[in-house]
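Structure record follows, encoded as structure tokens.
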Amino acid sequence: MINFKADAILNLYPTVTRVEDKNGNLKGFDENENEVLITDWNAVETKATELQTAKDAEIQAKEDLKASAKAKLINGEPLTEEEADTIVL
């Protein structure tokens with residue numbers, strides 16, 4: 001499972017190179033393993049929501065593309081290259 005809050009911290013705090021998650025308690029660490037204080041949890045929540053939304057949209061677009069390819073195959077219509085790439089042989 002993707003931890004979008006950890007990804008958000010990595011996006012928002014450039015000195016953080018690693019995020020540790022112990023039972024939902026997130027801590028960021030720099031390249032020297034010093035803890036980096038996360039000061040704006042609202043920004044982390046907002047960024048995590050943005051990342052989740054982007055991932056959900058990516059998944060939906062892939063599902064839509066597969067459905068389009070299937071419908072075209074059933075109807076005997078030619079597929080786009082992108083639709084053809086969704087088919088697993």
Side-chain angles (χ1 to χ4, degrees):
M1 178 172 180
I2 298 173
N3 187 334
F4 291 104
K5 286 185 184 178
D7 289 345
I9 291 169
L10 291 168
N11 275 270
L12 295 170
Y13 292 84
T15 59
V16 173
T17 58
R18 179 178 72 84
V19 176
E20 182 178 281
D21 183 353
K22 288 193 176 179
N23 300 321
N25 184 20
L26 299 172
K27 292 182 180 183
F29 296 90
D30 66 16
E31 63 185 19
N32 297 315
E33 290 300 309
N34 297 312
E35 186 174 350
V36 175
L37 183 61
I38 308 302
T39 57
D40 190 349
W41 285 101
N42 287 331
V44 170
E45 290 287 343
T46 299
K47 186 66 171 177
T49 300
E50 289 173 12
L51 294 170
Q52 175 72 61
T53 300
K55 185 64 175 177
D56 290 346
E58 179 184 324
I59 290 168
Q60 185 61 51
K62 189 173 183 179
E63 289 174 4
D64 292 348
L65 194 60
K66 285 182 179 183
S68 173
K70 182 178 179 180
K72 284 183 177 181
L73 283 172
I74 290 170
N75 293 324
E77 300 172 14
L79 303 179
T80 64
E81 184 176 343
E82 192 177 25
E83 289 169 331
D85 287 342
T86 66
I87 300 171
V88 178
L89 300 176

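These numbers come from a predicted model, not from an experiment.
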Could you tell me if E31 and T17 have a donor-acceptor pair between their side chains, going purely by distance under 3.5 Å? no
Residue list, side-chain hydrogen bond (donor to acceptor under 3.5 Å, both in side chains) with D56, at least two apart or on another chain: Q52
Is the shortest side-chain N to carboxylate O distance from K47 to E50 below 4.0 Å? yes
Hey, could you give me the NZ/NZ distance between K27 and K22, rounded to the nearest 0.5 Å? 7.0 Å
Salt bridge (Lys or Arg N to Asp or Glu O under 4.0 Å) between E63 and K66, worked out: CA-CA 5 Å; E63 289 174 4; K66 285 182 179 183; over 6 Å; no
Could you state the interatomic distance from CG (L51) to OG1 (T46), rounded to the nearest 0.5 Å? 11.0 Å
For the atom pair CG (L65) and OG1 (T80), what is the distance rounded to the nearest 0.5 Å? 6.0 Å
How many angstroms lie between atom CD of E45 and atom CG of D40, to the nearest 0.5 angstrom? 10.5 Å
Side chains of T86 and K70: does their closest heavy-atom pair fall under 4.5 Å? no
Apply the hydrophobic cluster definition, ILVMFWY joined by side-chain contacts under 4.5 Å directly or through others, and give me every member besides L10. I9, L12, Y13, V16, V19, L26, V36, I38, W41, V44
What are the two closest non-hydrogen atoms of A48 and A8, and how far apart are they? N-CB, 3.6 Å
Distance, nearest 0.5 Å, that separates CD of E83 from CG of D85: 10.0 Å
Spacing of L73 atom CG and I87 atom CD1 [to the nearest 0.5 Å]: 4.5 Å
